[in-house]
Each structure stands twice: as C-alpha cells, then as structure tokens.
**Q** 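Dropping a structure here in structure tokens format, bear with me for questions.
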Amino acid sequence: MSKGIKSADPSAEKIIDWSMSQKIETCFDRVETMKPCPIGETGACCKMCYMGPCRLVGKNAEEEVKGICGASLPTVVARNLVRMIAGGTACHGDHGRDMVFTLEAAAKGETKDFRIKDVRKLYRIAGIIGVEFEGRPVNDVALDVAHKFIEDYGRQRGEINYIKRAPQKTQERWRKWGVIPRGVDREIAEAMDRTTMGMDSDPDSLLSHGLRTALANGWGGSMISTDVSDILFGTPSPIKAEASMGIFKENEVNIVIHGHEPSLAETIVDVASDPDLIAYAQSKGAKGINLGGLCCTSNEVLMRRGIPTAGGFTNQELAILTGLIEAMVVDVQCIMPAIVEVSKKFHTKVITTSEKARIPGAQHIQFDEHKARDIAKEIIRLAIDNFQNRKAEGSKVTQKYPVIAGFSHEYIEYMQGGRWRASFRPLNDAIMAGRIRGVAGVVGCDNPRVPATGIHKYLVIELIKNDVLVVTTGCGSQACGVAGYLTPEMALENAGPGLREICEAIGIPPILHMGACVDNTRILTVATAMAAEGGLSDEIGNMPAVGIAPEWMTEKAISIGCYFAASGVPVIFGGRPPSPIAASQEIIRIMSDVWYERFRGCLVFESDPERILSMTLEYIDKARDFLKLKKYEPGRFGTERVLMDMAARRELEKAERAAKPHIGIY
Ligand code: NFS
C-alpha cells in the first residue's frame, strides 16, 4: 500500500508512516502479508467435523458440490453465518451479564464502589419489566431488576422481557415467523447445537434461528447492558470532549482505557482525580494524570465523563507508538494481542483485567467489582511508577478535535421539547415534511482491509449533504470524532439545507454520537418511539431508516446487523469484497428478499461506497413512498447554502451558547 491510504485518520496515518520508517510492525503491515483464505472468506469452507474441512467450490458448486456428509453449499454458508451470530451475541451478552452482576452487587451493598446513579432510569426500567418500585427502597428495586435480568439470560421457555418494548406490529411479525428469543444463553446454545454436523441443514430454518439469536442480543443482552450501565453510571447527555492522538500529554502520566465494559474505566476516572494520586504523580516528575480511551470503553467514558478518545479499533497499536503511554488497561473484546508486542518497543505496560481476555506477555490485574477502587488505584500507581521509564522516542502527534458526544435516546427525546414536553414530534414532522429525508445509523468497526475510517468519513458527509440525519455508535463514532465531524459546525458546513435548519433549530450536530456498540439498542428505542409518535410507520419496518456498517469485521457486527434486519431495518455491510455469504446465491436471496418480505429489513453486502450511498437513499425514498410522505426534494428547505464565513461562525457560537443550558440537564 502506498503512503496516504492506510488510514483516513490523519493522525493515525502520520504514526503509520513513522512506524514503517522504524520497521515496527502493525496491523497495517500484517494486512498486506496475510491474504484471506479465498474459500473461507465466502463462507464455503465447512469445518464442523473432521471428515473435512470440506471446501464447497467449483463450477455450479451451489447445486452440485456437497460436503462428505452431503451438506450443500447454502447449508454450509448458513451454518457459518449462524455461528458468527452466536459468537457476537455471546460477546455482547456476557458484557451485559457482567453489568447486571455489578448492579446486583451494588444493590446488595456488597460493594461500596458502585451505586445507583440514575434512579429515574432504574424506575423506568423497573416499570417496563414489571418490578414494583413505588415507595420501595432504591436498592430493593435494583436487586429485583438485576434478578429479572439474570432470569432473562437463562430463560428456557417463553419470551425475554424486553420483547414487549418493541412496537406491537414488529412483535407480530416476530411471532408469525417464530423468531422471538427465549434467553440469550439458550439461543446461543441452540445455535451451536443446530450448526453441528448432522443437525439443521435447511438454510432458511438455520438463518431464522440466526435471527432469533441476534434478537436475543439486540432486545436482550445489549439492551440490558445499555440500561444497566445508565442506571449505574448515569444516562448520557451531550458533553464536550476531544478526539485524536493529540489528546496525550508529554508532561503527564498517560493511561489508556481500552475494551468495552465501563465498570473499571468509570472507577479509574473516579480515582484519577484523587489528590494523593496526583501528588504521587508529581513526586515522579509528572504534572498530572491524563486519561484517554480507545474503542467502546472509550465511548462509555467519553459520553458520560468527557474523557477524550484516541480513536477506534485500528488506532490501538498506534497509540502506543506515540511513546507517551505509561499503561494501556484493557478489559474485554476487540483487543489486539499485538499491543503487547508493540509495547515491548516502548515502556508501555499492557494490563489485562478480565479472566476472559488474557494476553501472553501482559501484566494481569484481575478486576473485581467488590474492590474496584483499590484495583483502579493499583493500576494508576503502576502507571505513575512507569512515567520515569519513558525513553524510546515515539511519533509525536498534536492534532486533536473537539467532539460533542452522548446523545442517549432519552436526551434526543428531551431535546425535542424539554423535560415536560419531551417527544419525537419535531423529528417525525421534519421527516414527514421532507426537511429530513431519513435517518441512517452509520456504525461499527474500522478496518485495516480498507483505508481505515475512510468509508465512514465518506458516507457520513454524503448522507448529511443529502439531508439524512446520521446517528453513530462504536468505532464509527470514533471515526467521525477523530476526523472532527462530531461538532455543530458540521451542520453549517456540510448538511443539506433542510437538515441544517433542523439542527440549528434544535441545537444539535447532524451526526449524533449515541455511544458504544451495545448502545445500538438506543437506536432501536428511538425507532420504537418514532413509531409510537405517529405520522410515520407504526412499526420499525417501513421507516425511512437504514443501518450501515461500512467497515465491519467482527462477529458482533454480524449479530447487530441481523437484529436490525429482523427488527425491520434494511442494513448494508461494506468493506472489502466479497462477503461471508458470497458463495451462495440462495443465502444472499434469503437475507435480502425473504427477510425483507417477512420483516421489512434485510442484510446485504456491498463493498462500493458510492453504491452504499445510492442504495441507502433508495431504501429511504422507497420507505417515504410507501408511507405516502411528501416527495423529498433536495434544496427545497432553508436558504441557499453559503460556506461559513466569520459572521456565520459568530452566529453559530451564539447558538451554541444559547443551547448550553440544555446540556446535561436530563
Ligand atoms: Ni463494535 Fe466496540 Fe469497534 Fe467493531 Fe470492536 S470496538 S463493540 S466490534 S471494532 S465497532
């Protein structure tokens, strides 16, 4: 790969250039030498038993080639995909389960380090799942809520509690097609069972169970995780922070928190301002303690605490290459084992904290919610002790951008009418009138197989130009953050006139950071609220809304894509061709046409970014036609676009100041 196309994040690109000059290997080098297996990458390799692995390739493979047991190509492709869904659901499910255990420990008073921060949210959730809350002690309510959720994880029969949060019509579709999940654990176990040799070989039946498993994630594991995190750490509201590699400070102890779960990270944020620890850092020659985040742990503490972010998945090795990181503390998921190798070239200590995610060569300090503060302090002290060991010169980057993050669904509702008149009416009206053409969730991983973050950047700009409101989560939101796209200025500079008008009226950016990957469930909640508000679709399906994972790569992304599809959202997965279902036309047909017919959602793979854009707009316009909404006409609303001059900028600042009292109130 030539200079300039490995990462579209300019600060990452600078570090990559430097790493190449120093011959320090990163994922951007390995991606060039590691060629994907051409059979496995299309889903055509079956290794469910040891008569194989069978490779179902060749001319007319779809009809003529069978595995030794007789499994057809569509069966093999479907089984492989279902196992990906099970893997992704297990990841998010376990994350949610850990949060529930923390809630349980806090409610029982077993830990003093966590407490119920958002009682209002606790009561709302209690109401939804049928836990009595009026007149009861908060911790009793929290304990009952935790137990209900634990029950849901292991539910053997019936339906998980949160299914009833979905619009009635969406639920009816699920019932009709038999995809309502029982417990998360049961659906994962059954997915593994069904896909073993000699079990389910009907592709449609396999994929339906895939959807059931994915729904257990979306409306179970992940949604529980989001809600319990809000209960324990507070429901996010817009907050200003910074993004990019320039967040690290030469004269301070830099600690990176990386992974997914907020519990330890929140505690580290709490104790980092401890005067004793700051004094200790100063005694070692540092000015203070500076925290920065990566991946979804970063999103959690960015949107609740304003902790700056160094970016998403592909930036993890690069952060160490700045030479400024005393400790990289990781919890679970999306942690490259490679960070340990890179850290050896510098003084950085990699600290693993979960029994489930250990890395050879890293220092392990086991997290325990019962003594979270002590553990957080131990980690910070270790980082401080390491400050004096900084020696190797790294790649210095000073670039950083302001970001506004933290648009929870509660805040989105609140911002459209205040505390007493909160609603989705203005958003629905704007869509009905065609000021906003539709909504796109641009989410998911960044990926070194493409110019990392580049497809995210291209799509979000083009979408807002076309009056499409963008919501973003996970590394997609980091891709926007490190590009300087998460600011209100984006509305003036890039949004179409209709969208710009709405952004200015409500005081929001045209790209809304809604949190970590588990928080994709916030998007489901928003879609449900829009359906309930009236004037658009009465189900999630048929809304002028599309989900896009432009650079996806994990099993979690597949699980998310499937639960959105089953919930009624057309989903497009981008990135490098081909796709994990490319080997079978039958599977492509089921996941696009059959799923659309049944659920009004689908999951399609398209690697050309321009095609992704045109497909997104087509889906949106098709839904507008179906709902008989006013035809969207570009440029119909607002004044003619002018590039932002000084007067406009002053106006914007004034508007921002005026909008400030709203921030953080909810
Ligand atoms: Ni989502 Fe968050 Fe990022 Fe992809 Fe990984 S960090 S859970 S999986 S890489 S978006």
Side-chain angles (χ1 to χ4, degrees), residues 7 9 12 27-28 31 84-85 87-96 98-99 214 217-218 221-223 225-226 229 243 256-262 265 292-303 309-319 328 330-339 354 356-357 405 441-450 452-453 455-457 459-460 471-482 513-523 547-564 571 573-576 580:
S7 175
D9 167 3
C27 66
F28 293 96
V31 83
M84 290 184 89
I85 296 171
T89 303
C91 249
H92 280 153
D94 248 13
H95 171 166
D98 284 344
M99 300 312 304
N217 177 3
S222 285
M223 198 174 276
S225 182
T226 293
S229 300
V256 176
I257 29 196
H258 171 24
H260 283 75
E261 292 184 1
L294 275 165
C295 287
C296 284
T297 297
S298 175
N299 282 319
E300 299 277 0
V301 287
L302 168 69
M303 65 179 170
T309 180
F313 178 74
T314 55
N315 277 10
Q316 56 189 290
E317 292 163 291
L318 308 183
M328 184 173 279
V330 303
D331 48 72
V332 291
Q333 302 173 25
C334 297
I335 300 150
M336 291 189 195
I339 54 175
S354 167
K356 286 182 279 190
V442 185
V443 305
C445 328
D446 52 323
N447 188 333
R449 285 270 177 217
V450 295
T453 73
I455 313 182
H456 283 279
K457 286 173 68 175
L459 283 173
V460 297
V471 294
T472 181
T473 60
C475 292
S477 61
Q478 319 264 18
C480 294
V482 297
H513 177 299
M514 289 188 73
C517 269
V518 287
D519 296 324
N520 279 314
T521 61
R522 297 190 199 274
I523 302 175
I548 312 171
E551 304 179 22
W552 78 280
M553 55 94 199
T554 63
E555 293 174 324
K556 286 180 286 179
I558 292 283
S559 179
I560 294 167
C562 287
Y563 74 65
F564 268 96
V571 177
F573 269 39
R576 75 177 170 101

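Because the structure is predicted, anything quoted here is derived from the model rather than measured. Whatever order the structure lists them in is the order used to number ligands and atoms, beginning at 1. Reckoned from all heavy atoms, side chains included, excluding hydrogens, waters and symmetry mates.
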**Q** How close do Pro580 and Ile558 get, counting heavy atoms only, and between which atoms?
**A** CG-CD1, 4.4 Å

**Q** Which residues satisfy the side-chain contact (heavy atoms from CB on, under 4.5 Å) test with Val330, sequence neighbours excluded?
**A** His258, Met328, Ile335, Ile339, Thr352

**Q** Just by distance, no angles: are the side chains of His260 and Lys556 close enough, under 3.5 Å, to form a donor-acceptor pair?
**A** yes

**Q** Thr309: what forms a side-chain contact (heavy atoms from CB on, under 4.5 Å) with it, not counting sequence neighbours?
**A**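 Per chain and number, Thr309 pairs via side-chain contact (heavy atoms from CB on, under 4.5 Å) with Ala243, Ser298, Leu302, Gln478.
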
**Q** Under the side-chain contact (heavy atoms from CB on, under 4.5 Å) rule, collect the residues that match up with Ala516, sequence neighbours excluded.
**A** Cys296, Asn299, Glu300, Val518, Asp519

**Q** Is any protein N, O or S atom closer than 2.8 Å to atom 5 (Fe) of ligand 1, and if so, which?
**A** Cys334 SG

**Q** Between Asn217 and Ser559, do the side chains contain an N or O donor and an N or O acceptor separated by less than 3.5 Å?
**A** yes

**Q** Report, in ascending order of atom number, the atoms of ligand 1 lying under 4.0 Å from any heavy atom of Met553.
**A** 9 (S)

